[in-house]
There are 2 protein chains.
Amino acid sequence: MNLKQLSEHLNLSQTTVSRALNGYPEVSESTRTRVLKAAQDLNYRPNLRAKGLATGRALAIGHVIPVSNQHEMVNPVFGDFIAGAGESYAREGFDMMLKLVPDSDETRAYEDIRARGTVDGIIVHGPVINDERIALLSRIGLPFVVHGRSTDVALPYSWIDVNNRGAFERGTQFLIELGHRSIALLNGLEHMDFAFRRRKGYETALRNHGISVDASLMRSEEMTEIYGYRAAKEMLSRSKRPTAFVCSSIITAIGVRRAVHEAGLVLARDVSIITHDDALSYLENGDDVPIFTALRSSVRYAGAEAADMLLSLIAIPKNAPKTRLLEADLIIGRSTGPAVT
Amino acid sequence: MNLKQLSEHLNLSQTTVSRALNGYPEVSESTRTRVLKAAQDLNYRPNLRAKGLATGRALAIGHVIPVSNQHEMVNPVFGDFIAGAGESYAREGFDMMLKLVPDSDETRAYEDIRARGTVDGIIVHGPVINDERIALLSRIGLPFVVHGRSTDVALPYSWIDVNNRGAFERGTQFLIELGHRSIALLNGLEHMDFAFRRRKGYETALRNHGISVDASLMRSEEMTEIYGYRAAKEMLSRSKRPTAFVCSSIITAIGVRRAVHEAGLVLARDVSIITHDDALSYLENGDDVPIFTALRSSVRYAGAEAADMLLSLIAIPKNAPKTRLLEADLIIGRSTGPAVT
DNA sequence: AGGATTTTCCAAAGCGCTTTGAGTTTCGCC
DNA sequence: GGCGAAACTCAAAGCGCTTTGGAAAATCCT
């Protein structure tokens, strides 16, 4: 059943039927209801491909993941983010497209996305410091919103981000106030912008309290469980071991906890842990009383917001870039306590 | 730059250019290379929407997630699966589309997917027992592959699944052979087909060894960490506590481990754990020596296989349904030991 | 009643591509 | 040299929808 058949069935022109269906004013109410009824009865649905071809809109949003950073896709944080975004899209009748793009020829890849015309805009994931994609996308004129920011990029662009620097400064300071002086940082990969900012925050807190930054207490890797375990195991085996850990993800924190247990130490008494991103759907941070003291901000909410920003950018292209900085809350859990001196 | 402009630039007809580009034989090699070169130089890319309209193919695959089961999307298992599928799609030039479909009017939703024409086929996630979607999709003729199976569905259909029943029977038997008699099952939601099968496997092993099935040792919930923790905490507080746990996911197993520690018990000595789905990207199960004894099968591989199956089904529609049963390996880790008697 | 509006409807031209059906060249062969 | 076959190339008709530029019908006004 297509438009033509429907209009023949109704003894109307395609124009009228199309207008009736799409809510244009130049069609009488009686005709409109008649058309709507027939469409319903005959199970008519417009072909989106044809519609897109005619209107130039695809009714779809792309989520772009650099292949180099493919693990991103499998990162539970990503799942939460797109779950949030998905809700917004569904509400507006948009589809969500996942795209793995090779980093070899990014220019080509993004131009491709634009030229193929299968999406109206994209969400850029995993921005690095001075991310070239931002200039590229601005140049080729594909609407986009970045999940995160990119230090050193001067151009205006739309983004939504959590205050990573502020959160880590706050968290580190919290540990310092508990008396900790030897605080380890288990960061994500520091070419990623969010991780870079987190380190800045951590360092700022230390400096503010006259504690020297010790490179041997800082690690930067993909935020897996095993990473947290290995790093903590090694650090805890030192003669002068750290008394606290700041982790970039609850998954890493779980690894640290494993190492703490294995070393026969007790959480919060011998070793404190504070973590960011603790509110993942399948890995909730305990219930009323959180397991880990955490810097919490809803990734899912960020996803929904990012989607809404992008949709409005697409609806009104001349709009100026929008930005949104979310603050993480410090949630006190059972993984932190005063430093033993 | 579109086909028309390109052909004008080359002084050829659109037909010839199109044929040259798409590898049709009725164009001379010299013309073809000339066209290819120009396309490259002028940065020409076909508009997929137009192409799709003309050919009737969308070059995209939909991954469909029932809204009721929306957590699925955020389940790390899902992330691994689509990462695997994504690789296959990328290789074949297909896009991946994520669709949240409301369960209220499934018939309508799936007919919609078909009529809108934005995908050539779909992967069905989270099949339940006697899943109606299978008959529905067969009827409306949209190619599909199910990740999992659906007990009680008689129709032939394409699926890829792991031998859940066999795996759980094997795992449970392994514990029995270690001397365990009081073995708890922390299963996923049992209206889901995979969980149903897992319980069957667990029960079979018990019965084979003359151990009675104890409903108080069986739980069925979404496989989160907190679920594992709560269930284990409760069970371990009993006067006659279970000596072993069979978990449906490493995330739940991590929760059980937490409860075990908290109760002052020692893993493998006082309580054994065996888990399925331990090979998630961000939650690797230790390194050389796995943390948990596990029933391992690569979800990522399953994703890639499912994608390949679907693509071949689309390429040759008259092909009979394909099925693929993967076996899980029993990997011995440090979470199991002989029962203390 | 008759002209000016307003309302309602339509034919046809795209959107960018593929593919059919046919025309024009070129080539091999007797 | 002339014929048929093979090799190239093309114009035009879709694919299913939107939208422009009017036309026809209904309504209003004096």
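Since the structure is predicted, the reported quantities are computational estimates derived from the model, not experimental observations. Chain letters run A, B, ... following the sequence lines, proteins first, then strands; residues in each count from 1.
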Legend entry - Polar contact flag, side-chain donor to acceptor under 3.5 angstrom, B:T16-B:S13: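 Distance-only check passes for B:T16 and B:S13.
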
Expressed in angstrom and rounded to an integer, what is the separation of [X] atom [atom1] from [N] atom [atom2]?
X      : N      : atom1 : atom2 : answer
A:Q5   : D:dG16 : CD    : P     : 8 Å
B:R19  : C:dC17 : CZ    : P     : 16 Å
B:L12  : D:dC8  : CG    : P     : 13 Å
B:K4   : C:dC15 : NZ    : C1'   : 11 Å
A:R32  : C:dT8  : CZ    : P     : 10 Å
B:R57  : C:dC17 : CZ    : P     : 18 Å
B:R116 : D:dC15 : CZ    : C1'   : 18 Å
A:E8   : C:dA11 : CD    : C1'   : 14 Å

Taking only N and O in the side chain of [X], is any of them less than 4.0 Å away from OP1 or OP2 of [N]?
X     : N      : value
A:Y24 : D:dT19 : yes
A:N22 : D:dT18 : yes
A:T16 : C:dC9  : no
B:S18 : C:dT18 : yes

Legend entry - A:E132 atom CD, over 12 foreign heavy atoms within 6.0 Å: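 At most 12 heavy atoms, drawn from other residues, nucleotides or ligands, come within 6.0 Å of this atom.
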
Less than 4.0 angstrom from a charged side-chain N to a carboxylate O is my criterion; do [X] and [Y] meet it?
X      : Y      : answer
A:D95  : B:K99  : yes
A:E111 : A:R108 : no
B:R300 : B:D80  : no
B:R149 : B:D193 : no

Legend entry - Comparing A:Q14 and A:S28 on DNA chain C - which has the more 5′ nearest nucleotide: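 It is A:S28, whose closest nucleotide lies nearer the 5' terminus.
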
Legend entry - Single hit among B:P321, B:S312, B:S158 for side chain to side chain contact (heavy atoms under 4.5 Å, CB included) with B:V145: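 That would be B:S158; it is the only one of B:P321, B:S312, B:S158 passing the side chain to side chain contact (heavy atoms under 4.5 Å, CB included) with B:V145.
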
Legend entry - Strand-adjacent residues in residues 34-52 of chain B, judged by heavy atoms under 4.0 Å from DNA chain D: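 None - not one residue of the stretch has a heavy atom sitting under 4.0 Å from the strand.
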
Inset, instruction - Measure distances between side-chain N and O atoms of A:T15 and base N and O atoms of D:dT19, and say whether any donor-acceptor pair falls under 3.5 Å. - result: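 Pair found.
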
Legend entry - Shortest side-chain distance from B:L53, nucleotide among D:dC15, C:dC10, C:dG21: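 Nearest listed nucleotide: D:dC15.
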
Inset, instruction - With the side chain of A:T31 defined as its heavy atoms from C-beta on, choose the nearest nucleotide among D:dC8, C:dC17, C:dT8. - result: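 Given the options D:dC8, C:dC17, C:dT8, the side chain of A:T31 is closest to C:dT8.
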
Inset, instruction - Would you mind classifying the nucleic acid contact of A:T55 as base, sugar-phosphate or nothing, using non-hydrogen atoms under 4.0 angstrom? - result: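 Sugar-phosphate, backbone atoms only, no base.
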
